[in-house]
There are 2 protein chains.
Amino acid sequence: MRLSAKGEYGVRAMISLTLEESGGPVPLRNIAEKEGISEQFLEQIFLELRRAELIKSVRGPRGGYLLARNSAEISIGEIVEALEGPIAPVDCLAQEGSGRNRCEHVRKCLSIDVWIKLRDAVKGLLDGISLADLCFGEKAEKTTAMV
Amino acid sequence: MRLSAKGEYGVRAMISLTLEESGGPVPLRNIAEKEGISEQFLEQIFLELRRAELIKSVRGPRGGYLLARNSAEISIGEIVEALEGPIAPVDCLAQEGSGRNRCEHVRKCLSIDVWIKLRDAVKGLLDGISLADLCFGEKAEKTTAMV
DNA sequence: GATTAACCCTACTAATTCAGTAGACTATAT
DNA sequence: ATATAGTCTACTGAATTAGTAGGGTTAATC
C-alpha cells in the first residue's frame, strides 16, 4: 500500500509548479533542482502529466510548464491516477482486470467488499483535496476536522 | 496503491479459516485448494500470520490452523500490516524510515499532510473491519451506510 | 515404534517492476 | 544561427514479487 516514487515525486512537483507558475512557464529544471529529483526522471513524469492534461507545456527558450487548469480544479487523486493507474487495492477492481485474479473463487466475494470500501475511501479523500487546498490554505480547516 | 498477492491471499485465507475453524484445526492444504493458492506460498503467508499471533497451529496428523483470537477481534488491518508492513503511503511515514526520502526537501512538507490523512483513513477503515464482520454479517448494516 | 499427516523453515529462482540514464529529435525566442 | 527548453523511445541495473524446492520437526494412529 505504498506510492511509487513516480506518484510521490509527481505530487511534489505539481505542488512546486503550483507555487511558481504565477511567474510564467516554469522550466522542468527548476522544479527538479528544488525537489531533488533527477531531471530526466521528472521529464517522464511530466510527459505523463501532460498527456493526462493536468499540465501544459511551452516550448523554446523561456518555456516550461504551467498547470492546465486552475489549481483549485486539480485534485491529488487525478495526479496519482495519472501516474499510477486507477486507484484500486486489488487487481480485479482496476477495470482492465486481466491480472492475478478474476473473482473465480467463491470466497473472494467476501473480501471484495473491503476492497471496494477501501478504494472508495481512498479515492474520495484524494479527489477531495486540490492543489490549491495544499498550497493556499486548507478548506478543511473551516470544519475543524478532528485530525 | 495496490495490495501484493501476499496481502490479498492472506485476507482471503483468513476468511476461509474463519468460516471453517469451528470444526477444529484446518489444514493449510484445504485452504490452499479452496482459494486456488499455491500451498507452499500460502505456507509462507501463514508463517508470518502465526508470528504476528493472528493464527495458531496444531502440528501432527489432524493438525492445522486456528484463529489465535475470536474472529471479531481480528481486523483486516492487522492482517494486512502483518503481511505488508506498516500502512503508509510514503516511506517517511513508515517509522523505520530509511528509504527513498526523509523529508529533506522543504516542499515535501506540503505533501506530507495528504499522506498522513490518507494513512489515517486507510488504517481507520481496515482496523474497523473484523473477520467476523465479513463472515458473519456486517455491523455497518445497522447504520445503513450510503454505498 | 513405524508410518504418516501435518506444520516449520531457509534458500533459491524466474519474472516483473521500479528508478533512473542515454541520447537523439523538435520548437521557438533572441 | 544558436541557445534554451520540451518530446520521445529505448535501455539498464537493482529491487521486489510470486512462487519452488527441499529438508526439517511434531504427534496421532495402527
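In what follows, chains carry the letters A, B, and so on, assigned in the order in which the sequence lines appear, proteins first and then strands, with residues in each chain numbered from 1.
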For the side chain of [X] and the backbone of [Y], is there at least one donor-acceptor N/O pair under 3.5 Å apart?
X        : Y        : result
Arg2(B)  : Asp91(A) : no
Thr18(A) : Met14(A) : yes
Arg12(B) : Glu35(B) : yes
Glu21(A) : Leu67(A) : yes

Check this one for me: any side-chain N or O of [X] less than 4.0 Å away from OP1 or OP2 of [N]?
X        : N       : value
Ser4(B)  : dA18(D) : yes
Arg50(B) : dC9(C)  : yes
Ser57(A) : dA5(D)  : no
Tyr9(B)  : dA18(D) : no

**OP:** Tell me what Arg29(A) touches on the nucleic acid: a base, only sugar-phosphate, or nothing, going by heavy atoms under 4.0 Å.
**Re:** nothing

**OP:** Report which part of the nucleic acid Tyr65(B) touches: base, sugar-phosphate, or nothing (heavy-atom distance under 4.0 Å, all strands).
**Re:** sugar-phosphate

Between [N] atom [atom2] and [X] atom [atom1], what is the distance in whole Å?
X        : N       : atom1 : atom2 : value
Ile45(A) : dG20(C) : CD1   : P     : 9 Å
Ile37(B) : dT20(D) : CD1   : C1'   : 16 Å
Glu48(A) : dT9(D)  : CD    : P     : 12 Å
Leu47(B) : dA6(C)  : CG    : P     : 19 Å
Arg2(A)  : dA19(C) : CZ    : P     : 12 Å
Leu66(B) : dC7(C)  : CG    : P     : 11 Å
Phe41(B) : dA11(C) : CZ    : P     : 18 Å
Glu39(A) : dT7(D)  : CD    : C1'   : 14 Å

Subject >> Base versus backbone protein contacts along nucleotides 24-30 of chain D [heavy-atom cut-off under 4.0 Å; B, S, -] >> reply: BBBBBS-

Subject >> Reading 5' to 3' through nucleotides 10-16 of chain D, protein heavy-atom contacts under 4.0 Å coded B for base, S for sugar-phosphate only, - for none >> reply: B------

**OP:** With side chain to side chain contact (heavy atoms under 4.5 Å, CB included) as the test, would you mind laying out the steps for Ile31(B) and Phe46(B) before giving the verdict?
**Re:** CA-CA 11 Å; Ile31(B) 297 174; Phe46(B) 270 31; 3.9 Å; yes

**OP:** Sequence neighbours left out, what passes side-chain contact (heavy atoms from CB on, under 4.5 Å) with Ala32(A)? Give chain and number order.
**Re:** Glu39(A), Leu42(A)

Original post:
Can you name the side-chain contact (heavy atoms from CB on, under 4.5 Å) partners of Glu78(A), sequence neighbours left out?
Top reply: Leu54(A), Arg69(A), Ile74(A), Ser75(A)

**OP:** Measure from the side-chain heavy atoms of Glu43(B) and tell me the nearest of dT10(C), dA18(D), dG22(D).
**Re:** dG22(D)

Subject >> From dG19(D), dG6(D), dT9(D), nucleotide with atom closest to Arg51(A) side chain >> reply: dT9(D)

**OP:** Apply salt bridge (charged side-chain N to carboxylate O under 4.0 Å, His left out) to Glu43(B) and list each qualifying residue two or more places apart in sequence or on a separate chain.
**Re:** none

Subject >> No-hydrogen, no-angle side-chain donor-acceptor test under 3.5 Å, Glu84(B) and Ser4(B) >> reply: yes

**OP:** Would you list the pairs meeting side-chain hydrogen bond (donor to acceptor under 3.5 Å, both in side chains) in which at least one residue belongs to residues 49-67 of chain A, sequence neighbours left out?
**Re:** none

